[in-house]
Q: 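If you scroll down you'll find the structure; I have some questions about it.
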Amino acid sequence: MPNRAGRFIGLDLHNDTIYVSELSCLEGTASQYQISTREKDFEAFLGTLRSDDKVALESTRGSRYYVKRLLTRVGTVAVANPAPAPQPA
């Protein structure tokens with residue numbers, strides 16, 4: 001039975017560029033591309049999102065802005081802390 005979940009999308013935020021990785025279990029596809037952080041380009045990207053998509057991005061100085069915008073289009077946004085995890089003693 002195929003997975004009916006939406007796409008899993010990872011965003012890597014930089015000053016001028018956002019690197020996007022998409023995985024669709026339903027469609028059996030994976031893709032990577034980049035977009036500009038300019039408002040018109042990010043708005044166009046938001047227009048491609050579906051309510052059942054799940055998005056993850058790293059916690060950076062500007063991530064709150066992106067989380068707020070993403071939550072207007074998708075149901076799930078996860079924020080990851082890029083700091084190394086503590087090692088067990």
Q: Are L70 and L49 packed together at the side-chain level, in the sense that at least one heavy-atom pair is separated by less than 4.5 angstrom?
A: yes
Q: Are the side chains of V55 and L11 in contact, using a 4.5 Å heavy-atom criterion?
A: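 Side-chain contact under 4.5 Å: yes.
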Q: Partners of Q87 by side chain to side chain donor-acceptor pair (under 3.5 Å), sequence neighbours excluded?
A: none
Q: Name all pairs fulfilling the ring-ring contact (aromatic ring centres under 6.0 Å, His included) condition that reach into residues 69-89, sequence neighbours left out, sorted by first residue then second.
A: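 Every candidate ring-ring contact (aromatic ring centres under 6.0 Å, His included) pair involving residues 69-89 fails, so no pair, neighbours aside, qualifies.
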Q: Measure the spacing between NZ of K40 and CD1 of I35 and express it to the nearest 0.5 Å.
A: 11.5 Å
Q: Treating Ile, Leu, Val, Met, Phe, Trp and Tyr as nodes and any side-chain heavy-atom pair under 4.5 angstrom as an edge, say whether L57 and F8 lie in one connected cluster.
A: no
Q: Would you call V20 and I9 a side-chain contact if the rule is heavy atoms closer than 4.5 Å?
A: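 A side-chain contact under 4.5 Å exists here.
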Q: With sequence neighbours left out, write down each residue that passes side-chain contact (heavy atoms from CB on, under 4.5 Å) with T48, or none if nothing qualifies.
A: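 For T48 the side-chain contact (heavy atoms from CB on, under 4.5 Å) partners, ignoring immediate neighbours, are F45.
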Q: If the threshold is 4.0 Å, N to carboxylate O, is there a salt bridge linking R50 and E27?
A: yes
Q: Show me the donor-acceptor pairs, under 3.5 Å and distance only, between side chains in residues 78-86 and residues at least two apart or in other chains.
A:
| residue | atom | partner | partner atom | Å |
| --- | --- | --- | --- | --- |
| N81 | OD1 | A83 | N | 2.9 |

Q: According to salt bridge (Lys or Arg N to Asp or Glu O under 4.0 Å), who are the partners of E43, at least two apart in sequence or on a separate chain?
A: R69, R73
Q: Just verifying a value: how many Å separate R7 CZ and S24 OG, rounded to the nearest 0.5 Å?
A: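 The distance works out to 7.5 Å.
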Q: In chain order, what residues pass the side chain to side chain donor-acceptor pair (under 3.5 Å) check against S21, with sequence neighbours excluded?
A: Q32
Q: List for me each residue that meets salt bridge (Lys or Arg N to Asp or Glu O under 4.0 Å) alongside R64, sequence neighbours excluded, and say none if there are none.
A: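 Testing R64 for salt bridge (Lys or Arg N to Asp or Glu O under 4.0 Å), a comparison that skips the adjacent residues, returns none.
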Q: What pairs of residues pass the ring-ring contact (aromatic ring centres under 6.0 Å, His included) test when at least one of them lies in residues 67-89, not counting sequence neighbours?
A: none
Q: Filter on ring-ring contact (aromatic ring centres under 6.0 Å, His included), then keep only pairs touching residues 46-83, sequence neighbours left out; what's left?
A: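 For residues 46-83: F42-Y66.
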Q: In terms of hydrophobic clustering (I, L, V, M, F, W, Y; side-chain heavy atoms under 4.5 Å; direct or indirect links), are Y33 and L23 co-clustered?
A: no
Q: Suppose clustering is done on Ile, Leu, Val, Met, Phe, Trp and Tyr with side-chain heavy atoms closer than 4.5 Å. Which residues sit in the same group as Y19?
A: none
Q: With sequence neighbours left out, write down each residue that passes side chain to side chain donor-acceptor pair (under 3.5 Å) with R38, or none if nothing qualifies.
A: S36, D41
Q: Name all residues meeting the side chain to side chain donor-acceptor pair (under 3.5 Å) criterion together with D12; count only those two or more places apart in sequence or in a different chain, and write none if there are none.
A: H14
